[in-house]
Number of protein chains: 4
Amino acid sequence: MTGKLRADARRNRERILAAAEAVFAEHGASASTEEVAARAEVAIGTVFRHFPTKNDLLGATLKRLLDRLAEEAAVLSDEGDPATALFTFFAQVVEEAAARRTVAELLAGGGVDVRVGKPLRRLEEPLATLLTRAQQAGTVREDVRLDEVMALLAGTTQAALLTGWTPDLRDRTLRIIFDGCRPGR
Amino acid sequence: MTGKLRADARRNRERILAAAEAVFAEHGASASTEEVAARAEVAIGTVFRHFPTKNDLLGATLKRLLDRLAEEAAVLSDEGDPATALFTFFAQVVEEAAARRTVAELLAGGGVDVRVGKPLRRLEEPLATLLTRAQQAGTVREDVRLDEVMALLAGTTQAALLTGWTPDLRDRTLRIIFDGCRPGR
Amino acid sequence: MTGKLRADARRNRERILAAAEAVFAEHGASASTEEVAARAEVAIGTVFRHFPTKNDLLGATLKRLLDRLAEEAAVLSDEGDPATALFTFFAQVVEEAAARRTVAELLAGGGVDVRVGKPLRRLEEPLATLLTRAQQAGTVREDVRLDEVMALLAGTTQAALLTGWTPDLRDRTLRIIFDGCRPGR
Amino acid sequence: MTGKLRADARRNRERILAAAEAVFAEHGASASTEEVAARAEVAIGTVFRHFPTKNDLLGATLKRLLDRLAEEAAVLSDEGDPATALFTFFAQVVEEAAARRTVAELLAGGGVDVRVGKPLRRLEEPLATLLTRAQQAGTVREDVRLDEVMALLAGTTQAALLTGWTPDLRDRTLRIIFDGCRPGR
DNA sequence: TATGAATGAGCTTTCATTCAT
DNA sequence: TATGAATGAAAGCTCATTCAT
């Protein structure tokens, strides 16, 4: 898909996406496209050649983030301990959200009219696997379903943006959620 | 504070806040000030006389919402069953968030630079009371602290804005959180 | 309609229209709205408050021009010699077109998507009167119809923009058209 | 002039001109160069290699159209009835204008700063011949000069773009012009 | 004090033109 | 020579904020 681009075009596309990620992480999705262009050291027209609309840019940035997360989930699926991989992944996503505002904003629908539907679905599959494994390992109740896990993930991800968020608070918050997922009581 | 205002001025202030609540609930915090003025049937200048900045308007709207919530919490403190009052209140807030986008947006910091610090503190006190009572009643673990309850509240409140949010999903999500708060395992 | 505007608003509206007429007359309909604002010594936002779209501005400018022309036609209807009033008016319009590019551009449909339909109709009525009078006076053939007069007017108006257009050329051009309208051979 | 070009270069030049004619005919002179490139199935850079400026492209397109018209005029000069050839040609040009927006737009100077001077002169010579013949044949008044014929042609050509233009309207419009050219009253 | 017009910076988007590949 | 990505100067338009009435 991006393989047909000329070398410099692909390079610019990458620069723009990286810049977008940084800018949106810092100032949220309402940051200006112009700032993204500046950070990428590219003219404004170049941004619009690659992403005809600000929404397209946001969408691509989100897709990139989710792809990265999905990959991490897949790795955990393959190599991690089934009993804890779901929790590990959950914690990882929350951790990243604390660092990058966009993750949280977009996981939660973001106010912006990004059709998150599609990209978010990328996360569902690996997450479903992790959930099933955890249930088979007996660390998560049988009746827990994928959608509430995603809802809790989206929610905690937002919480991670709160002003008082610290590693300690994070641990205590996650503990409640993880405990709530465990069987027996 | 508002006592020094002329009668009509106070009336306008009220109209504007009510309109702001409705507009921000519908279109999020990015809705235009002009639309608030229109809904309040007031000229734009009047809005800015009462709230010199859009942020001030958002802040006041938030304060109003939180005051209402704090009051409900207080009532539950006095009249409700200590064992369940915290959970009841938590669910109430989430419910309201599902209906009013602002509650969620602002509880979570909302992208907008509202100094939520102050207003949010209003919720802390009654929530702390509810938490203590629940712990005394033995329905919440002793080591659960106020800040994680607030974080979970803010987070779930955001989750309630997700596209797939249904009463059923809400119940399953809350169940995990509430179970996670319970003592013993 | 414009009567409800505040004094300064009406003044600005007038300034803007006058500026628009001048600017469009000079550089054609493709002139920038910003230049109109500059000429009117008004901020760009003010132009858009009065005319939400560039098309609206063009439309209003055209309407203004046509109203003026229609008025002249009406005066000629009342006071002029029926035998020559049509020709006099025709020549006047052409004369104005030579001075103001917009008249011609817009009479001819102008490339721009101005809904000329409406405003142009304003010219039809007085022109129809002049035509009828001329036919009654015997200076125009009975079977000449309004639409070809308008077509010739629009066309000549365009011709008046040609680089070589001089008073002499104008007279010779109009002579052909007027002669062609006369009865008997 | 085009003889020094490589075969494929000449072929491209042709394709571009053909595309430009089609595109400008459809959307007027404000159509984008990119669209011309697309229609010619050529990269945008190629268009600019052949025509360094959009104006150059418009000019070349116009020249091509006028050459074609001039040729038709020449044919009529040689083979047609001198008494009617001028009128026939006039009607032909108007007919073509109705079909191709560019003819009209460019004959009239077109808003765009094409130096029509040069290309238009190509039409003058054959038109002058037709005019002289008609005058010799006695169908056109002796004192009619070339420039007013050209002005009328440019004007009618514009009128042919009007919304209500029909074959019937065209005939009535041309009749007035042609009658106006005839000698004797 | 209320009004609502004016301001003007900033946003997204388009397009003729340039230039590395 | 052809390609098509990059450029960057506008353009049209929005909106928080100011200020004359």
Side-chain angles (χ1 to χ4, degrees), chain A residues 4-13 16 30-37 40-57, chain B residues 5-10 12-13 30-38 42-57, chain C residues 4-13 16 30-37 40-57, chain D residues 5-10 12-13 30-38 42-57:
Chain A
K4 311 196 168 191
L5 289 176
R6 232 166 61 183
D8 57 341
R10 190 159 61 249
R11 194 164 51 244
N12 271 339
R13 205 192 128 92
I16 292 168
S30 75
S32 87
T33 308
E34 200 117 15
E35 193 175 342
V36 173
E41 284 176 313
V42 143
I44 183 71
T46 304
V47 174
F48 278 91
R49 157 167 283 267
H50 287 282
F51 310 97
T53 274
K54 188 185 178 183
N55 246 320
D56 294 335
L57 179 56
Chain B
L5 291 175
R6 250 167 48 182
D8 56 341
R10 192 160 60 250
N12 270 343
R13 207 191 126 89
S30 74
S32 86
T33 311
E34 199 112 18
E35 195 174 341
V36 172
V42 142
I44 184 70
T46 305
V47 174
F48 275 89
R49 162 165 289 270
H50 287 284
F51 309 96
T53 275
K54 189 187 177 181
N55 246 319
D56 294 335
L57 179 56
Chain C
K4 313 199 165 187
L5 289 176
R6 230 164 65 180
D8 57 342
R10 189 160 61 251
R11 193 165 52 244
N12 272 339
R13 205 192 127 93
I16 291 168
S30 74
S32 87
T33 309
E34 201 114 17
E35 192 174 344
V36 173
E41 285 176 314
V42 142
I44 183 69
T46 304
V47 175
F48 279 93
R49 157 169 283 268
H50 287 283
F51 310 97
T53 276
K54 189 187 177 180
N55 246 320
D56 294 336
L57 179 57
Chain D
L5 292 175
R6 250 168 46 181
D8 56 341
R10 192 161 59 251
N12 271 342
R13 208 193 125 90
S30 74
S32 86
T33 312
E34 200 110 20
E35 194 174 343
V36 173
V42 142
I44 183 72
T46 304
V47 174
F48 276 89
R49 164 166 289 269
H50 287 284
F51 309 96
T53 276
K54 189 187 177 180
N55 246 321
D56 295 335
L57 179 56

>> Test: salt bridge (charged side-chain N to carboxylate O under 4.0 Å, His left out). Region: residues 41-52 of chain A. Which pairs qualify, not counting sequence neighbours?
In response: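 Sorted result for residues 41-52 of chain A: A:Arg15-A:Glu41.
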What is the distance, rounded to the nearest whole Å, between atom [atom1] of [X] and atom [atom2] of [N]?
{"X": "B:Arg49", "N": "F:dA20", "atom1": "CZ", "atom2": "C1'", "result": "13 Å"}
{"X": "D:Arg10", "N": "F:dA2", "atom1": "CZ", "atom2": "P", "result": "12 Å"}
{"X": "B:His50", "N": "E:dT1", "atom1": "NE2", "atom2": "P", "result": "8 Å"}
{"X": "A:Glu35", "N": "E:dT12", "atom1": "CD", "atom2": "P", "result": "11 Å"}
{"X": "C:Asp56", "N": "F:dG12", "atom1": "CG", "atom2": "P", "result": "13 Å"}
{"X": "A:Arg13", "N": "F:dA6", "atom1": "CZ", "atom2": "P", "result": "11 Å"}

>> Taking the nucleotide of DNA chain E with the nearest heavy atom to each, does C:Asp8 or A:Phe51 sit closer to the 5' end?
In response: C:Asp8
Extract from the structure each pairing of a protein N or O with an N or O of nucleotides 14-16 of chain E at less than 3.5 Å, listing the distance.
unit_1	atom_1	unit_2	atom_2	d
E:dA16	OP1	D:Lys54	NZ	3.3
E:dA16	OP2	D:Thr33	N	3.0
E:dA16	OP2	D:Thr33	OG1	3.3

> Can you name the side-chain contact (heavy atoms from CB on, under 4.5 Å) partners of D:Phe48, sequence neighbours left out?
Replying inline: D:Thr33, D:Ile44
>> Please determine whether a side-chain nitrogen or oxygen atom of C:Thr46 lies at a distance below 4.0 Å from atom OP1 or OP2 of E:dT7.
In response: yes
> Hey, does the side chain of D:Asn12 come within less than 4.0 Å of F:dT1's phosphate (OP1/OP2), counting only N and O?
Replying inline: no
> Is the backbone of C:Asp56 close enough, under 3.5 Å, to the side chain of C:Thr53 for a donor and an acceptor to pair up by distance?
Replying inline: no
> Taking only residues two or more places apart in sequence, or in another chain, which ones meet A:Asp8 in a side chain to side chain donor-acceptor pair (under 3.5 Å)?
Replying inline: A:Arg6
> So which nucleotide from E:dA2, F:dT7, F:dT3 ends up closest to the side chain of D:Val42?
Replying inline: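 Selected nucleotide (nearest to the side chain): F:dT3.
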> What are the two closest non-hydrogen atoms of A:Val47 and A:Ile16, and how far apart are they?
Replying inline: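 Taking A:Val47 first and A:Ile16 second, the nearest heavy atoms are CA-CD1, 3.9 Å.
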> Rounded to the nearest 0.5 Å, how far apart are CG of B:Asn12 and NE2 of B:His50?
Replying inline: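 Between B:Asn12 CG and B:His50 NE2, I get 5.0 Å after rounding to 0.5 Å.
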> In which ranges does DNA chain E form stems of 3 or more consecutive Watson-Crick or G-U pairs, distances under 3.5 Å?
Replying inline: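 Stem list for DNA chain E: E:2-21 with F:2-21.
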